[in-house]
Every structure is written in structure tokens, then in C-alpha cells.
Asker: 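I'd like to ask you about the structure that follows.
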Amino acid sequence: QEQLVESGGGLVQAGGSLRLSCAASGRTFSSYATGWFRQAPGKEREFVATITWSGGSTYYADSVKGRFTISRDNAKNSVYLQMNSLKPEDTAVYYCAAGNVASTVSRAYRYWGQGTQVTVSS
């Protein structure tokens with residue numbers, strides 16, 4: 001059983017940066033792929049980025065490619081999302097999720113955090 005807790009969200013001006021963290025409490029987190037998803041008000045949850053269990057491969061949504069970087073530290077049971085050049089359209093609740101496959105599809109992930117709010121002002 002994995003419990004995921006996100007942190008690092010907040011209010012930032014357009015063009016600014018934030019670093020989200022996802023900390024896991026289970027013993028097997030390092031064996032799972034981990035993804036970041038986001039959900040804006042009135043919109044469906046969408047894929048942002050994902051990373052394989054080893055950190056060897058990463059995948060990004062086109063909307064964040066070149067601006068966001070996903071990484072992980074298995075020794076710390078943590079995954080990170082560095083977000084640069086933030087835009088107002090990046091405003092959403094950001095969720096981390098763990099699963100067997102580094103997928104762009106949310107149903108592939110078994111464990112989910114509660115989310116952290118990111119608000120980008122123009």
C-alpha cells in the first residue's frame with residue numbers, strides 16, 4: 001500500500017517557477033512508475049508527465065514539454081516536478097500517481113495523492 005503526499009504548490013506570477021514534490025510512505029514506491037496529472041476547474045484531469053521506476057525514461061504532455069521536468073529520488077521515496085516559465089493556463093490541482101506502467105492514461109495508476117493547488121497569475 002502506497003500513500004502519496006504532494007507539496008510545493010502555491011501562487012506564482014506568470015513566467016515564474018515552482019517545484020512540486022511527491023513523497024511516498026510505502027516500501028515499494030521505487031518499483032512503480034510515477035506520473036503527474038492536473039485538473040483545472042470545470043475540466044477533466046489531464047496527463048502532465050511520467051517517469052519510469054528507474055528514472056531512465058520520461059514522457060511529457062506537449063503543453064508542458066520544454067518547461068516542466070520530472071525526476072525522482074528512490075532513496076528518498078520521492079518524485080519531483082520542476083515547473084518553469086509557468087503560464088496562467090497551468091493553473092490547476094496537481095496530483096501525483098503511482099502505477100506499474102509509465103502511462104499517459106490516468107486509469108493505469110493505482111495510487112493517488114490528494115493534490116496540491118498551483119495558481120499562476122497573469
Asker: Rounded at 0.5 Å granularity, tell me how far OG in Ser121 sits from CG in Leu11.
Answerer: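 So the gap between those two atoms works out to 5.0 Å.
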Asker: Run Trp112 and Cys96 through side chain to side chain contact (heavy atoms under 4.5 Å, CB included) and show every step you take.
Answerer: CA-CA 6 Å; Trp112 289 82; Cys96 70; over 6 Å; no
Asker: Please find the pair of heavy atoms, one from Val101 and one from Ala33, that lie closest to each other, and give the distance.
Answerer: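 Here Val101 and Ala33 meet closest at C-CB, 3.5 Å.
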Asker: Backbone N or O of Ala40 within a donor-acceptor pair of the Arg45 side chain at under 3.5 Å?
Answerer: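 Judged by distance alone, no pair lies under 3.5 Å.
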Asker: Linking I/L/V/M/F/W/Y whenever their side-chain heavy atoms sit closer than 4.5 Å, directly or via other members, would Phe47 and Phe68 fall into one cluster?
Answerer: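 Different clusters: Phe47 never reaches Phe68 through Ile, Leu, Val, Met, Phe, Trp or Tyr contacts under 4.5 Å.
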Asker: Strictly by modelled atom types, are Tyr109 and Thr34 linked by a side-chain donor-acceptor pair under 3.5 Å?
Answerer: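 Their side chains do not contain a donor-acceptor pair, so the 3.5 Å distance test is not met.
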Asker: Between Tyr95 and Phe37, does the ring centre distance come in under 6.0 Å?
Answerer: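 Distance test on ring centres: not under 6.0 Å, no.
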Asker: Do the side chains of Val120 and Leu81 join up, straight or via other hydrophobic residues, at under 4.5 Å, putting them in one cluster?
Answerer: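 Yes, because Val120 and Leu81 connect within a single hydrophobic cluster, where side-chain heavy atoms sit under 4.5 Å apart.
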Asker: Quick one: CG on Asn74 to OG on Ser54, what's the gap to the nearest 0.5 Å?
Answerer: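 The OG atom of Ser54 is 8.0 Å from CG of Asn74, to the nearest 0.5 Å.
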Asker: Contact between Tyr94 and Gln39 at the side-chain level, heavy atoms closer than 4.5 Å - yes or no?
Answerer: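 They are not in contact (no side-chain heavy atoms under 4.5 Å apart), so the answer is no.
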Asker: Using every non-hydrogen atom in the two residues, find where Arg67 and Leu86 come nearest and quote the distance to one decimal.
Answerer: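 Smallest heavy-atom distance, with atoms named: NH1-CA, 3.9 Å.
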Asker: Do we get Arg110 above Tyr32's six-membered ring, with its NZ or CZ under 6.0 Å from the centre and within 45° of the axis?
Answerer: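 Pair Arg110/Tyr32 does not count as cation-pi.
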Asker: Hey, is Asp62 close enough to Lys65 for a salt bridge, meaning N to O under 4.0 Å?
Answerer: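 Looking at Asp62 and Lys65, the cut-off is met.
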Asker: So does Gln114 have more than 12 non-hydrogen atoms from other groups sitting under 6.0 Å from CD?
Answerer: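 No, the 6.0 Å shell around CD holds no more than 12 heavy atoms from other groups.
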Asker: Please step through side chain to side chain contact (heavy atoms under 4.5 Å, CB included) for the pair Thr69 and Tyr60, ending with a clear verdict.
Answerer: CA-CA 8 Å; Thr69 303; Tyr60 297 91; 3.8 Å; yes
Asker: Would you say Glu2 and Thr28 make side-chain contact, with heavy atoms under 4.5 Å?
Answerer: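 Yes, their side chains come closer than 4.5 Å.
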Asker: Are Tyr80 and Val48 grouped together when hydrophobic residues (ILVMFWY) are joined by side-chain heavy atoms under 4.5 angstrom apart?
Answerer: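 No: no chain of side-chain contacts under 4.5 Å links Tyr80 to Val48.
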Asker: Can you tell me how far OG of Ser30 sits from CZ of Arg72, rounded to the nearest 0.5 angstrom?
Answerer: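 Between Arg72 CZ and Ser30 OG, I get 7.0 Å after rounding to 0.5 Å.
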Asker: Does Thr116 reach the main-chain N or O of Glu6 with its side chain, forming a donor-acceptor pair under 3.5 Å?
Answerer: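 Absent.
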Asker: Please report the interatomic distance CZ(Arg27) to CD(Gln1), rounded to the nearest 0.5 Å.
Answerer: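 One gets 13.5 Å once the value is rounded to the nearest 0.5 Å.
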Asker: Answer whether the closest heavy-atom distance between the side chains of Leu18 and Val118 falls below 4.5 Å.
Answerer: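 In short, these two side chains touch, coming nearer than 4.5 Å.
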Asker: For the side chain of Asp73 and the backbone of Val79, is there at least one donor-acceptor N/O pair under 3.5 Å apart?
Answerer: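 No: the side chain of Asp73 does not pair with the backbone of Val79.
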Asker: Please tell me if the side chains of Tyr59 and Ile70 come closer than 4.5 Å, counting only heavy atoms from C-beta onward.
Answerer: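 Heavy-atom side-chain distance check fails, nothing below 4.5 Å.
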Asker: Which atoms form the tightest heavy-atom contact between Leu4 and Ala24, and what is the distance?
Answerer: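 Reported closest heavy-atom pair: CD2-CB, 3.6 Å.
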Asker: Any chance the side chains of Asn84 and Ser17 put a donor and an acceptor closer than 3.5 Å?
Answerer: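 The criterion, which ignores hydrogens and geometry beyond distance, is satisfied for Ser17 and Asn84.
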Asker: Would a hydrophobic clustering, with Ile, Leu, Val, Met, Phe, Trp and Tyr connected at side-chain separations under 4.5 Å, put Tyr111 with Val93?
Answerer: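 No; tracing contacts between hydrophobic side chains, which count when under 4.5 Å, never links both residues.
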Asker: Mind listing the closest non-hydrogen atom pair of Ser122 and Ala14 along with its distance?
Answerer: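 What the structure gives for the nearest pair is CA-CB, 4.4 Å.
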Asker: Do Thr119 and Gln117 meet the criterion of a side-chain donor-acceptor pair at a distance under 3.5 Å?
Answerer: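 Judged by distance alone, the side chains do pair up.
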Asker: Under 3.5 Å, is there a donor-acceptor pair linking the side chains of Gln82 and Ser71?
Answerer: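 Distance-only check fails for Gln82 and Ser71.
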Asker: Would Val64 and Lys87 count as a side chain to side chain contact (heavy atoms under 4.5 Å, CB included) here? Give the steps.
Answerer: CA-CA 10 Å; Val64 307; Lys87 304 175 181 180; over 6 Å; no
Asker: Using ring centroids (six-membered ring only for Trp), state whether Phe29 and Trp53 fall under 6.0 Å.
Answerer: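 For Trp53 and Phe29, the ring centres are not under 6.0 Å apart.
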Asker: Could you walk me through whether Ser78 and Ser21 pass side chain to side chain contact (heavy atoms under 4.5 Å, CB included), step by step?
Answerer: CA-CA 7 Å; Ser78 295; Ser21 298; 5.9 Å; no
Asker: Under 4.5 Å between any side-chain heavy atoms of Asp90 and Arg38, yes or no?
Answerer: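 Asp90 vs Arg38: side chains touch.
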